[in-house]
Amino acid sequence: MENKDLAEIFSEISDILEIQESNPFRIRSFRRVAQIIENLGFNVARTVQEDPEKLRTISGIGEGAIKRIQEIVETGRSQEHEDLKNQIPPSLLTLLELQNLGPKKIKLFWETLNITTIDELEKAAREEKLRSLPGMGQKSEAKILKAIEDYRRIQGRFRLDDGIEITQALIEYLNSKVKVRRIAAAGSVRRRRETVGDIDILVTCHSPGEVIDAFVQHPDVREVLAKGDTKASVVLRRGLQTDLRVLEDESFGAALQYFTGSKAHNVALRERAKRMGYKISEYGLFRIVNGEKIGNGKKVAGEDEEDIYHLLNLSFIPPEIRENRGEIEKAEAGQLPDLIKLEQIRGDLHMHTKATDGRNSIEEMGDAAVKAKYEYIAITDHSKALAMTGGLDEERLLLHMEKIDQVSSRIPEIKLLKGIEVDILNEGELDLSDEVLSCLDVVIASIHSRFNLSRQEMTLRICRALENPYVNILAHPTGRLLTRREPYPLDLEQVIKTARENRVCLEINAYPERLDLNDLHCRMARDMGALISINSDSHSTEMLRYMQYGVFTARRGWLAAKDVINTYPLEKLRRVLRKEEYGV
DNA sequence: GCCGTTTTCGGCCCGACTGTTTTCAGTCG
């Protein structure tokens with residue numbers, strides 16, 4: 001059982017309790033457990049059986065949670081969860097996904113009008129039956145119809161690359177329209193999450209009204225959700241909600257901290273602040289005197305984000321790891337990892353050319369890599385099983401290798417390594433002979449077929465491939481496509497273990513739609529002592545820039561340069577590829 | 001339900017916006 005499955009049960013329990021208006025602190029506890037489980041870097045189901053004490057030491061996981069986890073692992077379900085599900089129609093939980101609709105209203109609609117589904121809610125709103133309920137009116141009714149429409153149209157999040165692109169364009173636009181002093185993106189865009197649900201932009205300027213007006217008048221704004229003196233919310237044409245907040249200079253840093261999140265990180269940080277006699281809000285860090293409540297206290301920080309962390313006796317925590325996954329404790333101890341930076345990447349080990357499904361020639365890829373200031377790259381086209389791409393057989397590959405060497409000698413600034421992305425076939429055998437694989441500098445293995453195997457079969461298939469002595473890198477290990485395809489079922493812990501034993505590296509495929517391994521997987525791999533390679537998987541020269549998204553993921557996964565082989569100088573890299581060394 | 005440098009009982013993060021209200025509840029982030 002995966003952590004995500006366990007987390008979902010706890011999350012559903014809290015959803016149901018919320019609709020039942022149960023004790024809010026109890027609800028929060030369940031939600032916290034769900035969040036903790038989902039973020040843990042090891043398999044909770046296994047741990048609860050082998051070493052329950054390890055779970056007990058985690059703050060937020062108590063006796064109750066351990067008992068429930070044990071029950072779920074043993075019986076496949078939680079009786080309490082089942083009982084709760086019987087108390088409400090399950091479709092009510094879907095209603096919680098509608099914007100501006102929470103547990104109280106859902107309960108109200110259910111109890112008064114027997115509404116249990118989105119369709120029934122829509123019908124009631126259209127028949128104007130909602131407006132007469134307490135606390136409801138014409139506008140609320142219209143908002144609900146709107147939320148239903150949005151839910152059906154969007155239903156999901158946007159990829160990080162889209163989020164960053166849109167954010168940068170908006171910032172440029174605001175800069176061109178209004179004289180702003182400071183402007184920055186916060187939220188999941190700043191934390192570089194693989195997908196973003198909305199965009200947060202913070203700004204300071206002397207004329208708040210002007211910047212708000214400019215914002216809501218942006219040509220891409222489809223709808224203005226809210227517009228006040230200090231905040232405006234809009235939906236952009238592509239369906240992405242975007243919030244702008246206008247601040248005073250003296251609280252810009254506090255707001256940046258606050259709106260960067262994550263929520264879990266901020267809750268933990270505020271709890272820490274409180275213990276130390278401070279209060280944090282988006283306006284600053286305040287020293288509380290005489291235990292006085294809101295509105296009191298002397299402001300001690302706010303203009304710069306760094307000050308807040310430092311006053312709380314923490315080293316500065318990079319936005320990418322603000323997820324309450326242990327970063328606060330490490331920052332307190334001065335033991336945060338030295339996160340990898342894009343400038344530390346010396347080369348890209350996964351890319352395609354015209355020989356298969358790439359758009360550019362070997363030369364063009366080499367020239368583009370020189371522009372990217374790389375010291376080496378590997379040309380890794382597909383193997384013959386991917387017929388659709390014109391995959392290389394042994395004969396063509398040998399000719400291709402000669403060409404790579406020729407081009408490499410013509411471009412003295414950079415070394416071109418001879419590589420292949422070889423398909424892992426049905427039973428874990430490789431698509432090319434060991435003889436030809438042994439002549440290559442880099443062998444990347446990957447799955448492009450038969451995604452519907454069982455977890456055991458897929459794990460065995462991949463591990464067999466990793467045992468081939470010539471395989472260096474497992475590409476896009478889980479096969480997921482963001483917002484499109486779920487990962488195939490896989491015992492990733494077993495795969496990482498097998499990779500490490502066979503001196504194989506795991507890829508962070510930096511293609512924005514993949515980001516595979518993801519952040520949590522990276523951290524698991526690092527903790528288990530496996531090495532990582534961050535690769536763009538470019539199919540054209542422009543795609544080399546995707547490397548940055550892989551680095552974002554690596555940073556979110558707590559990786560340092562030493563964990564990533566393509567930060568190594570060429571000679572050290574070659575020793576890793578020849579399996580003469582592995583690890584630090 | 002969880003936790004403990006104030007506590008094994010009693011508290012648990014904070015503020016803005018909206019729409020319904022005439023002082024506030026619900027929702028969101």
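FYI, side chains are in, hydrogens and waters are out, and symmetry mates aren't considered; it's all heavy atoms of this structure. Every chain is numbered from 1 and lettered A, B, ... according to where its sequence line falls, protein lines coming before strand lines.
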Expressed as a whole number of angstroms, how long is the span from [X]:[atom1] to [N]:[atom2]?
X       : N       : atom1 : atom2 : result
L285(A) : dC14(B) : CG    : P     : 13 Å
R26(A)  : dG10(B) : CZ    : P     : 20 Å
R56(A)  : dG1(B)  : CZ    : P     : 13 Å
L55(A)  : dC3(B)  : CG    : P     : 12 Å
D243(A) : dC17(B) : CG    : P     : 11 Å
L133(A) : dA25(B) : CG    : P     : 18 Å
E97(A)  : dG29(B) : CD    : P     : 13 Å
K146(A) : dC28(B) : NZ    : P     : 15 Å

When all nucleic acid strands are considered with a 4.0 Å heavy-atom cut-off, which category describes [X]: base, sugar-phosphate, or nothing?
X       : result
K104(A) : sugar-phosphate
L98(A)  : sugar-phosphate
A65(A)  : sugar-phosphate
P103(A) : sugar-phosphate
E141(A) : nothing
S233(A) : nothing
I27(A)  : nothing
N266(A) : nothing
I61(A)  : sugar-phosphate
K67(A)  : nothing

Using a cut-off of less than 4.0 Å, is there contact between a side-chain N or O of [X] and OP1 or OP2 of [N]?
X       : N       : answer
R131(A) : dG19(B) : no
T230(A) : dC17(B) : yes
S140(A) : dT18(B) : no
R270(A) : dC13(B) : no
Y283(A) : dA16(B) : yes
K274(A) : dC12(B) : yes

If we ignore angles and hydrogens, is there a donor and acceptor under 3.5 Å between the side chains of [X] and [Y]?
X       : Y       : result
D307(A) : H310(A) : no
D83(A)  : Q79(A)  : yes
R68(A)  : Q70(A)  : no

Rounding to the closest angstrom, what is the interatomic distance between [N] and [M] at atom [atom1]?
N       : M       : atom1 : value
dG15(B) : dG10(B) : C1'   : 25 Å
dC3(B)  : dT8(B)  : C1'   : 9 Å
dT21(B) : dG26(B) : C1'   : 12 Å
dC13(B) : dC28(B) : C1'   : 14 Å
dT7(B)  : dC2(B)  : C1'   : 14 Å
dT23(B) : dG19(B) : C1'   : 14 Å
dT27(B) : dT20(B) : P     : 14 Å
dC12(B) : dC17(B) : P     : 25 Å

For this session: For the pair Y511(A) and Y546(A), name the ring-plane relationship: parallel under 30°, tilted 30 to 60°, perpendicular over 60°.
Result: perpendicular
Of the nucleotides [options], which one has an atom closest to the side chain of [X]?
X       : options                   : value
F25(A)  : dT27(B), dG1(B), dC13(B)  : dG1(B)
R245(A) : dG29(B), dG19(B), dC12(B) : dG29(B)
A226(A) : dG1(B), dC12(B), dT18(B)  : dT18(B)
K105(A) : dC14(B), dC12(B), dG26(B) : dG26(B)
K279(A) : dG29(B), dC13(B), dG15(B) : dG15(B)
N100(A) : dG1(B), dG29(B), dT27(B)  : dT27(B)
R28(A)  : dC13(B), dA16(B), dC3(B)  : dC13(B)

Problem set entry | Sidechain N-carboxylate O distance under 4.0 Å for K67(A), E63(A) |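 Not counted as a salt bridge, because no side-chain N and carboxylate O are separated by less than 4.0 Å.
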Exercise. Among I308(A), V300(A), I288(A), which residue meets the side-chain contact (heavy atoms from CB on, under 4.5 Å) test with Y278(A)?
Worked result: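 Considering I308(A), V300(A), I288(A), a side-chain contact (heavy atoms from CB on, under 4.5 Å) with Y278(A) is found only for V300(A).
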Problem set entry | Neighbour count above 12 (heavy atom, 6.0 Å) for E8(A) CD | no
Exercise. Counting N and O atoms only, with roles assigned by atom type, does the side chain of Q49(A) sit under 3.5 Å from a partner on the main chain of R46(A), one being a donor and the other an acceptor?
Worked result: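 Flag not set: sc Q49(A) to bb R46(A) has no pair under 3.5 Å.
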Exercise. Start at the 5' end of DNA chain B and walk down; is the nucleotide closest to K139(A) or to E282(A) reached first?
Worked result: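 The 5'-side residue here is E282(A).
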Exercise. Which sits closer to the 5' end of DNA chain B, L225(A) or N23(A), going by the nucleotide each is nearest to?
Worked result: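 Looking at the nearest nucleotide for each, N23(A) comes out on the 5' side.
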Problem set entry | Reference residue E141(A); test side-chain hydrogen bond (donor to acceptor under 3.5 Å, both in side chains); the match among R126(A), K129(A), R131(A) |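 Only match with E141(A) under side-chain hydrogen bond (donor to acceptor under 3.5 Å, both in side chains): R131(A).
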For this session: Any strand is fair game: report the nucleotide pairing with dT8(B) by Watson-Crick or G-U wobble, both distances under 3.5 Å, or none.
Result: none
